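Worth saying up front: this structure is predicted, and the values here are computed from it rather than measured. Letters A, B, ... are given to chains in the order of the sequence lines, protein chains preceding strands, and every chain is numbered from 1.
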Number of protein chains: 2
Amino acid sequence: MKRDSRLSGVLHVLLHMAQQPGPFTSETLAKAMDTNPVVIRRIMAGLRDLGYVRSEKGHGGGWRLACDLSKVTLRDVYTALGSPALLAMGNRTEAPGCLVEQAVNAALDQAFHDAEALLLSRLGEVTLAMLGDDFRKRLGSRKLQGMRAHGA
Amino acid sequence: MKRDSRLSGVLHVLLHMAQQPGPFTSETLAKAMDTNPVVIRRIMAGLRDLGYVRSEKGHGGGWRLACDLSKVTLRDVYTALGSPALLAMGNRTEAPGCLVEQAVNAALDQAFHDAEALLLSRLGEVTLAMLGDDFRKRLGSRKLQGMRAHGA
DNA sequence: TTTCATGTAACGTTATATGTTGCATATCTG
DNA sequence: CAGATATGCAACATATAACGTTACATGAAA
């Protein structure tokens, strides 16, 4: 099954934007993510509708963050993407008349629902600000490594 | 994202087989599942390799259960299918040099891993025998309803 | 030997994420 | 106002994977 990477992609964009004041054109962001500007606009549209980012047309236009990063969770971002399917598996048919299928669906649905709930819960515990902190920590580590490599 | 229904499908087949001694031809099973005989053979191949079912060619041939239903879990069946992807989402790129991407991936991987572990755990708690019991319970309820509808 | 059944490869179909092009619209600059 | 820059969006192209279908080989029973 082909895996949906929009959540990963949009988080990448948001974190890059958090490092500089902006604005950022779709083309700039697309280059950083090695994709197409239209793809950027597509995945950012939901975020804009929910007020997490703003876009402006024309000269000096582009995308800007418009939210408190410590108040937006990964789950919020997921929702802004339209809450796409989380699980790669599903039942063969919904609303089955077959009792065998009902028994199978009931068991699978239970397991699927639990897994989805846990995933959403975990995503809800992580804010964009926390991701930013992690990024800066990694940046510090890399700098230290570089200094060591140069004999400092 | 299109959802994989092979697990749901193969469970459906196994439970149907558990209701009668068999053997069952691929064509019979395919009709019950409203699909193609070749699809049946395809999803049953992994189960045969692990010894959960046996197949015989020629006259009077077909598929038979070859395991203790109380010892095979939904997770075993999932594994027999080749352990396909559980989650519909994934990271944009693996092995990223970008520190932003590393931070994003670390957070998502954590959540994804937890959800997958829970799902596998839940599937491991349910045996085929338990599904069979649930089916028979539903069958009983339906019979009762039918009797009530006829004024009993 | 004929018939029935699985085993498997090859190809077609469908759905969805992703990539691309084209053009309309809005905004800034000169 | 004219031109350049940027988003908004529709339409179409591409890649991939599940699912469906056809064709033929192999093996077993009547």
Side-chain angles (χ1 to χ4, degrees), chain A residues 1-10 12-13 17 22-49 52-66 78 81-94, chain B residues 1-10 12-13 17 22-49 52-64 66 78 81-93:
Chain A
M1 165 113 0
K2 198 177 189 177
R3 276 156 120 174
D4 185 341
S5 66
R6 279 174 294 181
L7 180 58
S8 171
V10 74
H12 192 165
V13 166
M17 290 173 69
F24 303 84
T25 68
S26 301
E27 192 172 349
T28 300
L29 296 175
K31 263 178 197 151
M33 292 196 42
D34 193 39
T35 183
N36 194 289
V38 179
V39 176
I40 298 293
R41 294 190 192 112
R42 206 138 60 187
I43 65 181
M44 296 287 277
L47 295 181
R48 181 192 54 221
D49 295 345
Y52 298 148
V53 297
R54 263 195 289 271
S55 63
E56 277 172 21
K57 293 181 174 180
H59 260 288
W63 299 90
R64 281 178 202 276
L65 291 175
Y78 162 77
L81 291 180
S83 304
L86 292 174
L87 298 182
M89 319 190 65
N91 290 324
R92 223 172 49 84
T93 62
E94 302 301 329
Chain B
M1 168 102 12
K2 196 179 191 177
R3 276 156 120 172
D4 185 342
S5 65
R6 280 175 294 180
L7 180 58
S8 170
V10 75
H12 192 165
V13 166
M17 291 173 68
F24 303 84
T25 68
S26 300
E27 191 172 352
T28 301
L29 296 175
K31 261 177 197 151
M33 292 195 43
D34 194 39
T35 182
N36 194 288
V38 178
V39 176
I40 298 291
R41 295 189 191 113
R42 206 138 61 188
I43 64 180
M44 296 287 277
L47 295 180
R48 182 193 53 219
D49 295 344
Y52 298 148
V53 298
R54 262 195 289 273
S55 62
E56 277 170 23
K57 295 181 173 179
H59 261 288
W63 299 90
R64 280 179 203 275
Y78 163 76
L81 291 180
S83 304
L86 293 173
L87 298 182
M89 319 191 64
N91 289 323
R92 221 172 49 82
T93 63

For this session: Scan residues 23-36 of chain A against DNA chain D and write down, sorted by residue number, each residue with any heavy atom closer than 4.0 Å; if none is found, say none.
Result: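 Close to the strand are Phe24(A), Thr25(A), Ser26(A).
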For the pair made of [atom1] in [X] and [atom2] in [N], what is the distance, rounded to whole Å?
{"X": "Leu7(A)", "N": "dT16(C)", "atom1": "CG", "atom2": "C1'", "answer": "17 Å"}
{"X": "Ile40(B)", "N": "dG7(C)", "atom1": "CD1", "atom2": "C1'", "answer": "15 Å"}
{"X": "Arg41(B)", "N": "dT22(D)", "atom1": "CZ", "atom2": "P", "answer": "13 Å"}
{"X": "Met89(B)", "N": "dT18(C)", "atom1": "CE", "atom2": "C1'", "answer": "14 Å"}
{"X": "Ile43(B)", "N": "dA18(D)", "atom1": "CD1", "atom2": "C1'", "answer": "12 Å"}
{"X": "Arg6(A)", "N": "dG19(C)", "atom1": "CZ", "atom2": "P", "answer": "11 Å"}

Exercise. How would you list, by chain and number, every residue that makes a side-chain hydrogen bond (donor to acceptor under 3.5 Å, both in side chains) with Thr25(B), sequence neighbours excluded?
Worked result: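 Listed in chain order: Thr28(B).
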Exercise. Measuring from Ser5(A):OG to Met33(A):CE, what's the distance to the nearest 0.5 Å?
Worked result: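 CE of Met33(A) is found 7.5 Å from OG of Ser5(A).
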Exercise. Looking at CZ of Arg92(A) and CG of Leu7(B), how far apart are the two atoms once the value is rounded to the nearest 0.5 Å?
Worked result: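 Nearest 0.5 Å value for the CZ-CG distance: 12.0 Å.
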Exercise. Who are the salt bridge (charged side-chain N to carboxylate O under 4.0 Å, His left out) partners of Lys57(B), not counting sequence neighbours?
Worked result: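 Residues passing salt bridge (charged side-chain N to carboxylate O under 4.0 Å, His left out) with Lys57(B): none at all.
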Exercise. Who are the salt bridge (charged side-chain N to carboxylate O under 4.0 Å, His left out) partners of Glu56(B), not counting sequence neighbours?
Worked result: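 None.
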For this session: Could you check Val38(A) against Arg48(B) and say which one's nearest nucleotide on DNA chain C is further toward the 5' end?
Result: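 That would be Arg48(B).
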Exercise. Want to settle it: does Ala45(A) or Pro37(B) sit nearer the 5' end of DNA chain D, counting the closest nucleotide to each?
Worked result: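 Taking each residue's closest nucleotide, the earlier one in sequence belongs to Ala45(A).
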For this session: State whether Ser55(A) places a side-chain N or O below 4.0 Å from either non-bridging phosphate oxygen (OP1 or OP2) of dA6(D).
Result: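 Negative; the distance criterion is not met.
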Exercise. Does atom CZ of Arg54(A) have more than 12 heavy-atom neighbours, drawn from other residues, nucleotides or ligands, at distances under 6.0 Å?
Worked result: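 12 or below, so no.
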Exercise. What closest approach, in Å, do Arg6(B) and Leu81(B) show between heavy atoms, and which atom pair accounts for it?
Worked result: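 Scanning both residues, the minimum pair turns out to be C-CD1, 3.8 Å.
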With a 3.5 Å cut-off and sequence neighbours excluded, list the donor-acceptor pairs that the side chains of residues 34-47 of chain A form with protein atoms.
from: Asn36(A); atom 1: OD1; to: Val38(A); atom 2: N; distance (Å): 3.0
from: Arg41(A); atom 1: NE; to: Ser26(A); atom 2: OG; distance (Å): 3.3

Which pairs, protein N/O on one side and nucleotides 25-30 of chain C N/O on the other, fall under 3.5 Å?
from: dA26(C); atom 1: O4'; to: Lys57(A); atom 2: NZ; distance (Å): 3.4

Exercise. Ignoring hydrogens and angles, are the base of dG8(D) and the side chain of Arg42(A) linked by a donor-acceptor pair under 3.5 Å?
Worked result: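 No.
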